[in-house]
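Just so it is clear: chains get the letters A, B, ... in the order the sequence lines come, proteins before strands, and each one is counted from 1. Predicted, not measured: the structure shown is a model, and the values here were computed from it. Any value given below was found using the heavy atoms of this structure, including those in side chains, with hydrogens, waters and symmetry copies removed.
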Amino acid sequence: DLLVRYRTMNGDGVLSPIGFDSFGLPAENAAIAAGTHPRESTDANIERLATSLKRIGAVYDWRRVLSSHDPEYIRWTQWIFLKFYENGLVYRDEAPVNWCPGCKTVLANEQVLADGTCERSGDLVERMHMEQWFYRITEYAQELLDDLDDLDWPERVKLMQRNWIGRSEGAEFSLPIAAADGSARTDVEGLRVYTTRPDTSFGMTFAVMSPEHPRVEELVSAEQQDEVREFIATVSAKSEIDRLSTEGPIEARGVFTGSHVVNPFTDAAIPLYLADYVLTTYGTGAIMAVPGQDQRDWDFAEAFGLEIIRTVQPPEDFDGEAYTGEGPAINSEWLDGLGVADAIAEANRWLVEQGIGEPKVNYRLRDWLLSRQRFWGCPIPIVYCDRCGAQPVPVDELPVVAPDDVELTPTGQSPLVSHEGFLNTTCPNCGGRARRETDTMDTFVDSSWYFLRFADPDNTEAPFAKEAVERWLPVDQYIGGVEHAILHLMYARFFTKALADLGVAPADLREPFARLFTQGMVRFGGGKMSKSRGNLVEPDAIIDSFGADSLRLAILQVKPPAEDVDWEDFGIEGCSRFLGRLWRLAHPDGVMTATRDGERASVDDEVDKAAHRLIDRVTFDYERWSYNTAVAACMEYTNRLYKYVQDDDGAHGPTLDFAVDTLLEVVAPMVPHVTAELWERRHGEHVHERRWPVADPAKLVVETVTLVVQVNGKVRDRLEVAADIDASAAEDAALASSKVRALLDGAEPSKVISRPPTLVNLVV
RNA sequence: GCCCGGGUGGCGGAACUGGCAGACGCGGAGGACUCAAAAUCCUCUGCCCUUCGGGGCGUGUGGGUUCAAGUCCCACCCCGGGCACCA
């Protein structure tokens, strides 16, 4: 809000919109607990929040307000889904999904924490197979990665996105299945593997498949059937945490299939294993194992008594196990002697030449699973016909809105599943009987395009007009918490790119948010304060007792905005006290406004200069988002004015008027109510219509400064000297100091460092 | 394990490019006003020593560079965050 007001005073046209991301699990759970419909509590909460935001003096454009549960908003969220569907960016697939038993719904990969728990409920996420809807975000993996370079975002956030996208370069190729005599079979397809180190292939002494690999059944030998079945049963019983854990014996983490594949580089038959650490979701779900250059393969090889061959020469002083560093290739026939990069290129060339493989880029990023088995979300506009299968709802039938006559029960099952009126419909294709999709969309879908709608919130023909978006987007300054670094910011970037490519948004709008500022979180007693935890400190009580401006000032003063802050550290009283001082100083009938007549004196010039210095400091601090120091500058300046007024000579009227007006102008964006009132009483006008003051450079020039005199780097004296003093004059002044002379005791300094006008260091 | 941040008084924090450490606020002490209290106003407030002139120590720890280090370099400790079997 400060930024909006400051930019406005600078003459910018500012669009500062507000909306409510109103769908979601907390609202649904609260409704279940209260036995009401989530719309009632949601609408009431929006009303309450809007009132609160207005009370604190936020200058949002309320004409543009949005709510994601508004049927008009739902219409366009669904319209975009269908547009994506038409263009192959939406698909339905049976997939192993993350099921949260607490939320009773599936989660996107991004919503599962590293320890395998749900980001929202903290429950242990389970693996399940289900038919689900996906957004094909992986289609944009490369562009999402590349375009990060040009964004004015915190490096930390960009790094997190890069890691999440997880690009890796390597090669994919086939390992022929081995016949009983160890030769390569030509009658069946080989096993595809992905590696980033094709240069180490001569050291491949075994291969490993994921236990969920589709070819497991086919490739397990008769004798190994029982052992493998037992292994798979153990693995699937394991929780995500156990499975990701590197603790425990490696022997228990893999099993021999009884089959062999052929290393195409050496033509040797090598054993094929299953291991739980190989993931179906990455690469091809099968790997070549090179224990000499991969520690995990090394450990596995040792546990199962498999051969280890080094193919990169480690340095002489290397005493580790697997060696992953740089070095010449060894034991690798035609690769011997090549460095890693050259050997990779040569191995890739050979794979292509043999027709068994090719270079391949892989991403860690998975497609975005958007289905949620919940009620309070945007319905997915699809119907299922027995004859025609899944069919999109025609655009002119949008929005598909959930019915009101539902009863939410604590079972966690969406009431849509059993609501006959909602469920039964006709097929848009054949007109026959059909059932509606009962899943709703992840709420991150709603927040992936709202910034575009803000440009054109009342459009009834389209989600937004291109021209309106062209006028306002990309967002010049986006502000949010780091908790959105991956989820929201990645999804919103994907939507923007896809909408631009589909001709919905301007084609050149490749990114939604040009600059990003990640503000800190407000904590409470060390814990997290958030709407989902229900421990919000309501601003209304503070506003009632101290006023909105005291609260605003306290928020700005407590810490730099990028850092987390504990509510207990807020200094409301001190800020309130400052506003009292401001009031008494600036009020036309105030007690602090006694002035003297007569000529200007040097003290008046000083105060005048202080006013210009204040403008300079506060402007600088606003520009660099250093609001706590801006507040400090204003307090310091106010203290100076108090001294000025209380001085024996008193304050000179015109000087004081300018000094106080300047203060009111620069603090206006921070404390809009008090300043508006004071300005009106002083001038009968509106302070918020003032132009931002500009400091007079001539008034910023100082005549005298404090010269610090050090002896051997320790401060021994301070002298007031002319600001334009030269090096030798500064040295002379320092040597003339009686304190310094006493300390030197007649000795001559061996070296003098003179940095006029601030410092002279005498080295003895 | 890897990658980012960060460690400064009793507390929140200041210190732009190496150049006065601790701005500003909170808290604390003293004083003025008042019959008294609140509010307000003023002064002091890093730690230790002091003959009250001043002196010593001090930015997580240990070393280094420099006339000079909170700031730069090396090693380590602690806290917060992200990623984590990704082949």
Side-chain angles (χ1 to χ4, degrees), chain A residues 113-115 154-164 166-168 170-172 193-197 200 207-208 210 243-246 250 253 275-279 281-290 293-297 299-300 362-365 482-483 485-486 521 553-554 557-560 562-566 568-575 577-578 580-581 584 591-592 620-621 624 626 628-639 642-643 646 706-718 739 742 749-755 758-764:
Chain A
L113 301 181
D115 65 356
E155 279 307 317
R156 181 174 48 135
V157 174
K158 294 208 252 182
L159 191 67
M160 281 163 72
Q161 292 225 342
R162 285 193 188 105
N163 290 341
W164 190 261
R167 180 192 155 103
S168 84
E172 193 179 304
V193 293
Y194 173 73
T195 178
T196 53
R197 293 296 300 276
T200 65
V208 190
S210 146
R243 183 138 177 210
L244 286 172
S245 157
T246 44
I250 313 157
R253 305 195 60 195
D276 64 358
Y277 66 77
V278 176
L279 312 172
T281 49
Y282 189 77
T284 59
I287 61 163
M288 70 173 201
V290 186
Q293 269 76 231
D294 183 293
Q295 188 59 43
R296 200 187 39 218
D297 292 346
D299 295 339
F300 195 88
N362 252 312
Y363 300 92
R364 212 192 72 117
L365 184 71
V482 249
E483 69 271 22
I486 296 171
M521 232 185 300
L553 198 62
Q557 188 232 20
V558 64
K559 249 185 188 195
E563 288 170 41
D564 285 356
V565 59
D566 204 286
E568 288 161 1
D569 291 330
F570 278 69
I572 305 274
E573 286 92 345
C575 291
R577 216 170 283 163
F578 168 76
R581 281 166 76 78
R584 287 186 290 278
V591 287
M592 297 304 299
F620 178 63
D621 284 346
R624 65 179 181 137
S626 180
N628 54 335
T629 53
V631 173
C634 293
M635 287 176 167
E636 207 179 326
Y637 175 76
T638 303
N639 294 343
Y642 263 63
K643 266 201 191 69
Q646 292 172 336
T706 305
L707 175 75
V708 171
V709 183
Q710 297 180 335
V711 176
N712 292 332
K714 289 194 175 171
V715 180
R716 295 301 178 181
D717 202 2
R718 296 186 170 89
K739 286 181 190 169
S750 61
K751 192 172 178 184
V752 179
I753 287 98
S754 186
R755 290 287 129 77
T758 53
L759 181 123
V760 172
N761 187 11
L762 307 168
V763 185
V764 181

Using side-chain heavy atoms (C-beta onward) and a distance below 4.5 Å, is K158(A) in contact with E155(A)? yes
The answer to which of D564(A) and M635(A) contacts RNA chain B further toward the 5' end, by nearest nucleotide, is D564(A)
Separation between the P atoms of C24(B) and U43(B), rounded to whole Å: 11 Å
Distance check needed: G10(B) C1' versus E568(A) CD, whole Å only. 16 Å
When the distance from CD of E155(A) to C1' of G81(B) is rounded to whole Å, what number comes out? 16 Å
Could you check how far NZ of K714(A) sits from C1' of G54(B), rounded to whole Å? 14 Å
Nucleotide paired to G18(B) in any strand shown, Watson-Crick or G-U, under 3.5 Å: none
Toward the 5' end of RNA chain B, by each residue's nearest nucleotide, C575(A) or D294(A): C575(A)
Please determine, for the side chain of Q557(A), which listed nucleotide (C67(B), A87(B), G25(B)) has the closest atom? G25(B)
Taking U17(B) as the reference, what is the distance to G70(B) when you measure between their P atoms (whole Å, please)? 15 Å
Here the distance between atom P of G27(B) and atom CD1 of I572(A), to the nearest Å, is 13 Å
Just checking R167(A): base, sugar-phosphate only, or nothing, at a heavy-atom cut-off of under 4.0 Å? nothing
Nearest-angstrom distance, C1' atom, A32(B) to A38(B): 16 Å
Taking every heavy atom of A275(A) against every heavy atom of F300(A), the minimum-distance pair comes out as CB-CE1, 4.0 Å
Indicate whether OP1 or OP2 belonging to A14(B) is found under 4.0 Å from a side-chain N or O atom of R624(A). no
Using a 90° cut-off around 0 for syn, call G53(B) syn or anti. syn
N639(A) CG - C24(B) P separation (whole Å): 7 Å
Which base, if any, makes a Watson-Crick or G-U wobble pair with G5(B), both distances under 3.5 Å? C79(B)
Would you say that K714(A) contacts N712(A) through its side chain, given a criterion of any heavy-atom pair below 4.5 Å between the two side chains? no
Base orientation of G22(B), chi within 90° of 0 counted as syn, else anti, reads anti
P atoms of G19(B) and U71(B), separation to the nearest Å: 11 Å
Return the nearest nucleotide to the side chain of V278(A); candidates are C24(B), A87(B), C83(B). A87(B)
If we call it a pair only when both distances are under 3.5 Å in a Watson-Crick or G-U wobble match, what pairs with C57(B)? G46(B)
Name the pairing partner of C72(B), where a pair is Watson-Crick or G-U wobble with both distances under 3.5 Å, or state none. G64(B)
Hey, does the side chain of N362(A) reach the backbone of S168(A) with a donor-acceptor pair shorter than 3.5 angstrom? no
What integer number of Å spans the C1' atoms of U66(B) and C74(B)? 16 Å
Of all the nucleotides listed (G19(B), C11(B), C20(B)), which has the minimum atom distance to the side chain of L759(A)? G19(B)
Closest nucleotide among G12(B), A14(B), G55(B) to the P560(A) side chain: A14(B)
Could you check whether N761(A) and R755(A), counting side-chain N and O atoms only, form a donor-acceptor pair closer than 3.5 Å? no
With L553(A) as reference, evaluate V558(A), V631(A), I572(A) under the side chain to side chain contact (heavy atoms under 4.5 Å, CB included) test and give the passing residue. V631(A)
Closest to the V558(A) side chain: A87(B), G12(B), C41(B)? G12(B)
P-based separation of A68(B) from A75(B) [nearest Å]: 23 Å
Of the nucleotides G12(B), C86(B), C20(B), which has the atom closest to the R296(A) side chain? C86(B)
pair_partner(C41(B)), Watson-Crick or wobble, both distances < 3.5 Å, evaluates to G31(B)
Distance check needed: C24(B) C1' versus N628(A) CG, whole Å only. 9 Å
Counting only side-chain N and O atoms of T758(A), is one of them less than 4.0 Å from OP1 or OP2 of C20(B)? no
Side chain of R584(A) only, please: which of C41(B), A14(B), C20(B) is the nearest? C41(B)
Tell me whether the side-chain N/O atoms of R581(A) come closer than 4.0 Å to OP1 or OP2 in C42(B). yes
Nearest to side-chain heavy atoms of V708(A), which nucleotide of C26(B), C20(B), A87(B): C20(B)
Side-chain-base donor-acceptor pair under 3.5 Å for N761(A) and C67(B): yes
If I take atom CD in residue E573(A) and atom C1' in nucleotide C24(B), what distance separates them, rounded to the nearest angstrom? 16 Å
If I pick the C1' atom on U8(B) and the same atom on G22(B), what distance separates them, to the nearest angstrom? 8 Å
With the side chain of L159(A) defined as its heavy atoms from C-beta on, choose the nearest nucleotide among U43(B), C42(B), C3(B). C3(B)
Would one find a side-chain N or O of R162(A) under 4.0 angstrom from OP1 or OP2 of C83(B)? no
Looking at every heavy atom in both V208(A) and V278(A), which two are closest together, and how far apart are they? CG1-CG2, 3.7 Å
Short side-chain N/O contact to A39(B) OP1/OP2 from R577(A), under 4.0 Å: no
Of C67(B), A87(B), A23(B), the nucleotide closest to the side chain of S168(A) is A87(B)
Any strand counts, and the cut-off is 3.5 Å on both contacts for Watson-Crick or G-U wobble. Which nucleotide pairs with C26(B)? G10(B)
Expressed as a whole number of angstroms, how long is the span from N163(A):CG to C4(B):P? 10 Å
With rounding to whole Å, what would you report as the distance between A69(B) and U65(B) at their P atoms? 12 Å
At under 4.0 Å, does any side-chain N or O of R755(A) touch on OP1 or OP2 of G18(B)? no
Whether the side chain of Q161(A) engages the backbone of A485(A) through a donor-acceptor N/O pair (distance < 3.5 Å, no angle test) should be reported. yes
Sugar-phosphate, base or nothing in reach of R156(A), heavy atoms under 4.0 Å: sugar-phosphate
What I'd like to find out is whether the side chain of I753(A) reaches to under 4.5 Å of the side chain of Q710(A), using heavy atoms alone. no
